[in-house]
Each structure stands twice: as structure tokens, then as C-alpha cells.
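Please read the structure below before turning to the comments.
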Amino acid sequence: MEDEATGSAGSGLAAERARRQAVVDARRAEGHEPYPYRFDRTHTAADVHAAWPDLEPGTETSDKVTVAGRVRRKRDSGKLVFLTVADRGHELQLFASHAELGDDGFQTVKELDLGDWVGAAGTVMTTRTGELSVKVDRVELLAKSIRPLPDKWHGLQDPDTRFRQRYADLVVNAEARRAFDVRHAVVASLRTTFHERGYAEVETPVLHEQASGAHARPFVTYHNTLDMELHLRVAVELHLKRLIVGGMDRVFEIGRVFRNEGLSPRHNPEFTILESYEAFADVRDVMALTEDLVANACRDALGTTTVTIGGEPVDLVPPWPRRRMVDLASDAAGEEVHPSLGVDALRTVAERHGIRWEAAWSAGQLVEAVFEELVEGSIVAPVLVTGHPTDISPLARVDRDDPLLTERFELFVDGRELANGYSELNDPVEQRLRFEDEQRAKDAGDADRGTVDEDYLRALEYGMPPTGGLGVGVDRLVMLLAGVDTIRDVILFPTLRPEVGE
RNA sequence: GCCCCUCUAGCUCAAUGGUAGAGCAGUGGACUUUUAAUCCAUUGGUUCAGGGUUCGAGCCCCUGGGGGGGCACCA
């Protein structure tokens with residue numbers, strides 16, 4: 001009877017799904033395919049708005065369009081139904097009248113639930129309040145939504161559900177869509193900037209015998225046939241420089257790297273890194289490249305070079321200030337901070353400022369600690385921090401003016417490191433010594449430190465030209481430009497613990 | 001790994017230790033120009049799980065789980 005036919009017996013999620021499934025079954029029984037294979041549309045919602053931008057209220061055109069989208073809202077006043085359908089973030093109203101559609105077509109409209117995908121053909125019109133609409137004469141269900149969407153007005157608020165069910169988040173939360181629109185525009189812009197400069201985009205292995213190129217703990221996995229442990233990469237650096245040795249000249253990679261560390265609003269175990277290497281360039285060229293990459297990405301994604309940080313506008317137009325790490329640290333400490341002071345003196349400086357240090361730390365690590373504690377968090381507008389101590393920069397070339405520092409920089413914005421680059425060390429003998437220092441530190445118990453990469457050294461022995469290299473945290477760049485403060489808002493599917501039941 | 005906060009209907013949220021509610025969604029009804037349509041009626045709950053205290057627990061306590069924030073580590 002009535003209850004069976006409409007599936008209205010009971011309530012709750014299970015009953016709602018059953019009711020909607022019953023609509024699918026009924027359509028099949030009537031000879032309609034509820035999940036058709038394809039649908040031809042002539043216009044997207046955005047196209048319609050662009051093509052008929054300012055029709056007077058109450059206009060009826062004879063312009064035919066065919067559109068498709070997801071039903072987001074439905075206003076049913078009996079013999080007339082207004083449907084608001086969403087099509088890639090743009091909305092369009094369908095004006096569905098019984099007079100125009102007849103019994104069958106109107107029944108199809110009546111049966112539509114919020115969340116259903118629908119295709120419709122009709123003429124462009126405006127209602128008497130001026131809303132651009134399509135007066136439909138044909139409506140087709142393209143896919144039934146069996147599961148009800150989250151609240152049409154409040155959206156999805158629970159962060160857990162937003163991340164686990166990103167599909168639902170994207171349907172109902174415009175802010176979520178916007179952050180990823182920014183992301184996609186940023187990534188496209190980065191590629192464009194590189195392509196315009198003659199770089200080749202490359203892809204290098206994710207599975208490494210030894211993860212190297214950054215101070216980080218790797219994920220360990222296992223290959224059955226080779227019967228060996230493999231490590232997921234923590235950086236792409238050494239492979240790209242092998243390509244420079246091979247004469248590829250200008251290369252970049254945008255790829256996922258994996259670091260087996262804690263999660264936070266700024267850290268996801270897998271994240272996207274951009275690295276680039278350019279033969280015959282040094283750190284100054286790389287800083288200029290970085291400025292262009294970021295300014296272009298901002299312009300391409302936002303249409304402006306101004307971003308908002310903590311409620312204040314910040315202009316990203318280059319050039320940005322270049323300040324040596326030792327000078328920034330010295331200014332903040334009110335006394336000289338430089339690795340030449342030696343470990344003992346630097347420990348004293350650290351203690352004077354309440355900075356905790358460890359016995360194993362080198363002079364360079366102490367300098368870095370002073371910088372991180374006293375300076376890093378206070379940088380808001382972009383600053384290129386240069387001249388990192390040699391002992392914390394095992395792959396960077398020694399500064400031509402100061403043997404204790406390197407030709408390196410890190411870009412800081414909003415208290416966060418966004419990029420890191422340097423004049424690449426290309427002397428295989430010196431690189432071996434630096435690797436050996438890393439290995440010693442690792443053997444002494446610092447799991448993040450590196451090992452001696454013999455194959456990389458072999459490559460360097462063939463000769464690597466002078467090279468400038470860059471690494472950019474793409475997720476953090478997107479966070480800055482999208483104006484969000486958690487990395488989970490710019491990673492579609494952030495790492496979560498397994499879900500427990502439903 | 002440690003500390004703090006949080007978890008109630010499909011969604012968004014209420015509920016001095018005393019009968020678990022509302023809005024949206026859903027269902028039934030009215031309505032041919034609505035805009036979160038409106039109006040009338042109405043279904044829907046293992047209050048994250050398991051223990052405990054109490055005459056009585058969504059609320060207090062313990063254990064466990066998910067999530068958020070902080071610390072640590074890092075980009």
C-alpha cells in the first residue's frame with residue numbers, strides 16, 4: 001500500500017536510504033534508466049550566467065540550453081517547482097512547471113531529492129524577481145543520491161567528518177571548494193612559471209633504498225621479490241641533481257614526500273614538495289626565482305599580490321628583504337650570534353635567552369636554535385633568511401665570503417618556512433666529508449640525519465655544473481594564499497586514524 | 001609520546017543529576033514566480049563504547065575509541 005509504494009515506513013537514515021532506493025527501483029520498473037551512461041549538455045551553469053548576464057526581470061527568451069547539475073535546494077509550490085542545481089560551484093535555477101513538462105516529466109521533478117544529479121533542457125528566462133533560470137521542458141535523472149546530504153544551510157561542521165567524507169564537504173561547503181580551487185591554480189601557476197623558463201618536469205622514484213636529501217625520519221616498507229626494505233622518499237633533491245649531472249640543465253618536480261613524524265595543523269605525514277634545479281645558477285638566482293614563483297602563483301590564484309595575514313594585508317610583490325640568519329639572530333639577541341663564537345659561547349647566549357640546548361648540538365645548530373626561538377615566529381611579511389651555518393646544511397655550498405656559513409636561504413612568511421634553496425655543493429670530495437659528518441650524527445643517535453649516498457657521490461664525480469636548487473612546501477604556500485590555518489584544509493584527504501564502524 | 005578540550009536524530013545545535021528537544025532534511029496535506037520558499041500536521045535517538053557512583057546519569061567518576069588544540073619533532 002501507500003507506505004510500501006513510497007517507502008515512507010519508519011524514519012532515520014536507513015529508512016531514508018530505503019525510500020530513495022525505492023524511487024530508483026520504481027523508475028527501472030517503469031522503463032527509465034536511473035543511472036544513464038552519459039548526458040550531453042550545451043552549457044554549464046557558469047556559461048549560462050556569462051551568456052545572459054543582464055536580462056530584465058520577467059524575460060522569456062527562446063534560447064535553448066541543456067544543462068546538468070546536482071539538486072541543492074528545492075522549492076515546491078504545487079504545480080510549479082524551483083530547483084537550484086549546482087554545477088562545479090556555480091548555481092543555476094530550474095523553473096519546472098506542470099504545464100511545460102506534462103505528467104511524466106513533472107513527476108520526475110517531484111521525485112527529485114536534494115543531492116540528485118539531474119540533466120535538463122529548456123529555454124533561458126528570468127523570473128519576475130529577476131533570477132536567471134532555465135524553463136525546462138525535459139528533465140532527466142542522471143544519478144540518484146541514496147544518502148542524504150548534510151544540512152543545506154549549515155553545511156558540514158564536524159572536522160572529522162569533513163576530512164573523512166571530503167566528497168560531502170566539497171558538495172556543501174563553498175569554503176572548502178575555494179581552498180582547493182586556490183590549490184589547483186597555484187600548482188598550475190608554478191608549472192607555468194617553470195615551463196616559461198625552459199624547465200623540464202620530471203618524476204623520480206618514491207621508493208628509495210635510503211631516504212636522503214632532508215633531515216627527516218622515513219617510512220619503511222618492503223619489497224617482496226627483491227626481499228628488501230625500501231624507504232619512502234623524504235625529499236627529491238638528490239635524484240634531481242643526478243639529472244643535472246646528466247646534462248638535463250633545468251628540471252623541476254612537484255611530488256609527494258613522506259616524513260614519519262607527528263601531525264599538526266602544519267604537518268601531514270605525506271605532503272607535496274616542489275623542487276627545482278638550474279645549472280649555472282647560484283643562490284641569488286634561486287631567490288629571484290622563488291620571488292617570481294610565489295608572486296605569480298598569488299596573482300594567478302587570487303588576482304592580486306596582496307594576502308591577508310592575521311587580519312592585516314601583506315604585499316608579496318618582490319623583491320623581499322634578504323637578511324643573514326646570523327644578523328637576525330644577533331639583532332634579536334642583542335649580542336653577536338655566529339658559529340665562529342664556538343659551542344661554549346653560543347650555549348651561554350642560548351641560556352641567557354632561556355633557550356634549551358642539547359649537548360650534541362654543534363655551533364650551527366645553536367645558531368639555528370637562537371634564530372628559531374627569537375626570530376622565526378615574528379616574521380610576517382616575506383623575508384629571505386640567508387647564510388645558514390655549514391654544519392646544518394650538508395648539501396649547500398660554503399659561502400664565498402664566510403667559510404662557516406653557506407650560500408643558502410629559507411623563505412619565511414607568517415612565521416613559517418615556505419621555501420629553502422642554495423648554491424648546490426658540487427665538489428665530490430667535500431660532499432663526501434659532509435655526508436660522513438651526517439653519518440656520524442646518525443650513528444650517535446640522531447635518527448633524522450643522513451647517510452653516505454655512494455651513488456650520488458659517483459654522480460658528482462662525473463661533474464655537476466654550478467647549480468642553484470630550490471625546495472618549496474606547496475601545501476604551506478597554498479595555506480598562505482588560501483588564507484587557511486590548517487594544512488588539512490588544503491590536502492583533500494589528510495591522514496587520519498581508521499574510522500570505527502558507522 | 002604527554003597535557004587540555006570535545007563527541008546528543010542523516011546534518012546543525014539545545015537539554016540546574018529528575019519524562020532527551022528544536023531547526024533543516026524526510027513523510028502526509030495546501031500552494032504556478034520561489035530564493036534557507038511559506039503554512040498545517042508528523043516520523044525519527046544504543047546521547048562514541050564499556051564499566052562505576054546514585055533512588056535516578058546525556059550530565060559526575062574510571063577505562064577505551066574518534067576528532068580538535070597545545071607541547072615535543074619537523075617543512
Side-chain angles (χ1 to χ4, degrees), chain A residues 2-3 6-20 57-58 60 72-84 91 93-101 106 113-115 125-133 135 145-165 168-169 171-173 214-217 234-235 257-274 356 372 410-412 416-420 446-448 471-477 479 485-488 494 496-502:
Chain A
E2 187 65 21
D3 278 355
T6 61
S8 67
S11 188
L13 180 60
E16 177 64 7
R17 292 174 61 205
R19 186 189 65 76
R20 294 185 182 207
E60 299 242 2
R72 294 286 288 116
R73 293 183 295 281
K74 182 182 177 187
R75 294 172 292 282
D76 181 343
S77 60
K79 294 285 196 297
L80 181 62
V81 177
F82 297 91
L83 296 168
T84 302
E91 293 189 337
Q93 178 166 274
L94 303 184
F95 178 103
S97 73
H98 180 267
E100 204 72 26
L101 283 159
F106 197 63
D113 283 296
L114 304 189
M125 61 166 280
T126 51
T127 62
R128 67 182 175 210
T129 52
E131 173 97 14
L132 186 64
S133 309
K135 184 177 188 178
S145 173
I146 295 303
R147 185 180 290 266
L149 287 175
D151 193 283
K152 66 184 176 186
W153 184 246
H154 298 96
L156 193 56
Q157 301 297 325
D158 179 32
D160 186 16
T161 313
R162 285 187 53 225
F163 304 146
R164 287 188 200 284
Q165 299 188 33
D169 185 36
V171 172
V172 299
N173 289 334
H215 288 159
R217 211 164 303 187
V234 299
V257 298
F258 307 84
R259 299 190 182 176
N260 206 338
E261 285 145 7
L263 289 72
S264 87
R266 290 161 297 283
H267 301 86
N268 195 62
E270 51 179 308
F271 64 98
T272 300
I273 202 166
L274 157 69
R356 195 184 51 79
E372 286 176 354
E410 287 180 306
L411 167 64
F412 285 90
R416 291 198 280 264
E417 184 199 335
L418 284 190
N420 177 21
D446 190 345
D448 291 353
V472 177
V474 173
D475 312 273
R476 288 187 174 180
L477 174 60
M479 286 171 67
D485 30 61
T486 160
I487 199 167
R488 299 182 192 93
L496 297 173
R497 286 193 167 84
E499 191 173 4
V500 282
E502 193 194 12

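As a basis for the values below, the full set of heavy atoms in this structure was taken, side chains included, without hydrogen atoms, waters or symmetry mates. The chains referred to below are lettered A, B, ... by the order of the sequence lines, with proteins before strands, and numbering in each begins at 1.
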Requested in this report: Name the pairing partner of rC2(B), where a pair is Watson-Crick or G-U wobble with both distances under 3.5 Å, or state none.
Outcome: rG70(B)

**Report entry** Closest listed nucleotide, where the reference is the side chain of Arg20(A) and the choices are rG70(B), rA25(B), rG66(B)
**Finding:** rA25(B)

Query raised in the report: For Phe163(A), what residues pass the ring pair (Phe, Tyr, Trp, His ring centres under 6.0 Å) criterion, not counting sequence neighbours?
Result: none

Report summary line: By side-chain contact (heavy atoms from CB on, under 4.5 Å), Ser97(A) pairs with (sequence neighbours left out) Leu80(A), Phe95(A), Ala99(A), Glu100(A)

Query raised in the report: Hey, is the side chain of Arg488(A) poking within less than 4.0 Å of OP1 or OP2 on rG68(B), counting only N and O atoms?
Result: yes

Query raised in the report: Taking the side chain of Pro159(A) as its heavy atoms from C-beta onward, which of rA72(B), rG67(B), rA37(B) lies nearest to it?
Result: rG67(B)

Query raised in the report: Between Arg164(A) and rG67(B), does any side-chain N or O lie under 4.0 Å from OP1 or OP2?
Result: yes

Query raised in the report: With sequence neighbours left out, what residues match Asp151(A) under side-chain contact (heavy atoms from CB on, under 4.5 Å)?
Result: Trp153(A), His154(A)

Report summary line: Out of rU34(B), rA75(B), rC31(B), minimum distance to the side chain of Ser77(A) belongs to rC31(B)

Requested in this report: Decide, applying a 5.5 Å centre-distance limit and a 30° plane-angle limit (both strict), whether Phe271(A) stacks on rA75(B).
Outcome: yes

Query raised in the report: Rounded to the nearest Å, what distance is computed from the CH2 atom of residue Trp153(A) to the C1' atom of nucleotide rC24(B)?
Result: 12 Å

**Report entry** Nearest listed nucleotide, side chain of Arg19(A), among rG26(B), rA37(B), rC31(B)
**Finding:** rG26(B)

Report task. Please state whether the phosphate of rU34(B), meaning OP1 or OP2, lies under 4.0 angstrom from any side-chain nitrogen or oxygen of Arg75(A). Result -> no

**Report entry** Whole-Å C1' distance, rC5(B) and rU16(B)
**Finding:** 22 Å

Query - First encountered from the 5' end of RNA chain B, between Arg266(A) and Asp485(A) - result: Asp485(A)

Query raised in the report: How far apart are the C-alpha atoms of Asp76(A) and Val81(A), what are their side-chain angles, what is the distance that settles it, and do they pass the side-chain contact (heavy atoms from CB on, under 4.5 Å) test?
Result: CA-CA 4 Å; Asp76(A) 181 343; Val81(A) 177; 3.7 Å; yes

Query raised in the report: Residues two or more places apart in sequence or in another chain: which of them pass side-chain contact (heavy atoms from CB on, under 4.5 Å) with Glu270(A)?
Result: Arg256(A), Phe258(A), Asn268(A), Thr495(A)

Query - Pairwise C1' distance for rA25(B) and rG10(B), with rounding to whole Å - result: 7 Å

Report summary line: Side-chain atoms of Leu80(A) come closest, of rU32(B), rU34(B), rA72(B), to rU32(B)

Query - Nearest-Å distance for atom pair CG/C1', residues Asp76(A) and rU38(B) - result: 12 Å

Requested in this report: Scan nucleotides 1-11 of chain B nucleotide by nucleotide, 5' to 3', and note B when protein non-hydrogen atoms come under 4.0 Å of the base, S if they reach only the sugar-phosphate, - if neither.
Outcome: ---------SB

**Report entry** Atom-to-atom span, CD of Glu100(A) to C1' of rU33(B) - whole angstrom
**Finding:** 14 Å

Report task. Round to the nearest Å and state the distance from Phe82(A) atom CZ to rU32(B) atom P. Result -> 11 Å

Report summary line: Paired to rA20(B) by Watson-Crick or G-U wobble criteria (both distances under 3.5 Å) is none

Report task. Could you state the atom-to-atom distance from CG of Asn260(A) to C1' of rA75(B) in whole Å? Result -> 15 Å

Query raised in the report: Just to confirm, is there a sub-4.0 Å distance from OP1 or OP2 of rG26(B) to any side-chain nitrogen or oxygen of Arg147(A)?
Result: no

**Report entry** Counterpart base for rU33(B), defined by Watson-Crick or G-U wobble contacts under 3.5 Å
**Finding:** none

Query raised in the report: Hey, does Pro57(A) have a side-chain heavy atom less than 4.5 Å from the side chain of Arg128(A)?
Result: no

Query - Contacts of Leu114(A) that satisfy side-chain contact (heavy atoms from CB on, under 4.5 Å) - sequence neighbours left out - result: Val71(A), Lys74(A), Lys152(A)

Query - Residue Glu261(A), side-chain heavy atoms: nucleotide from rA25(B), rA75(B), rG66(B) that is nearest - result: rA75(B)

Query raised in the report: Glu131(A) side chain: which of rA75(B), rG70(B), rU34(B) is closest?
Result: rU34(B)

Query raised in the report: Among rA25(B), rU32(B), rU33(B), which is the nearest nucleotide to the side chain of Met125(A)?
Result: rU33(B)

Query - Watson-Crick/G-U partner (both atom distances under 3.5 Å) of rG45(B) - result: none

Report task. Give a yes or no on whether a donor-acceptor pair under 3.5 Å exists between the nucleobase atoms of rU32(B), that is its base, and the side chain of Ser97(A). Result -> no

Query raised in the report: Applying a 3.5 Å limit to both distances, which nucleotide forms a Watson-Crick or G-U wobble pair with rC60(B)?
Result: rG52(B)

Requested in this report: Find the distance Phe163(A):CZ to rG69(B):P and express it as a whole number of Å.
Outcome: 7 Å

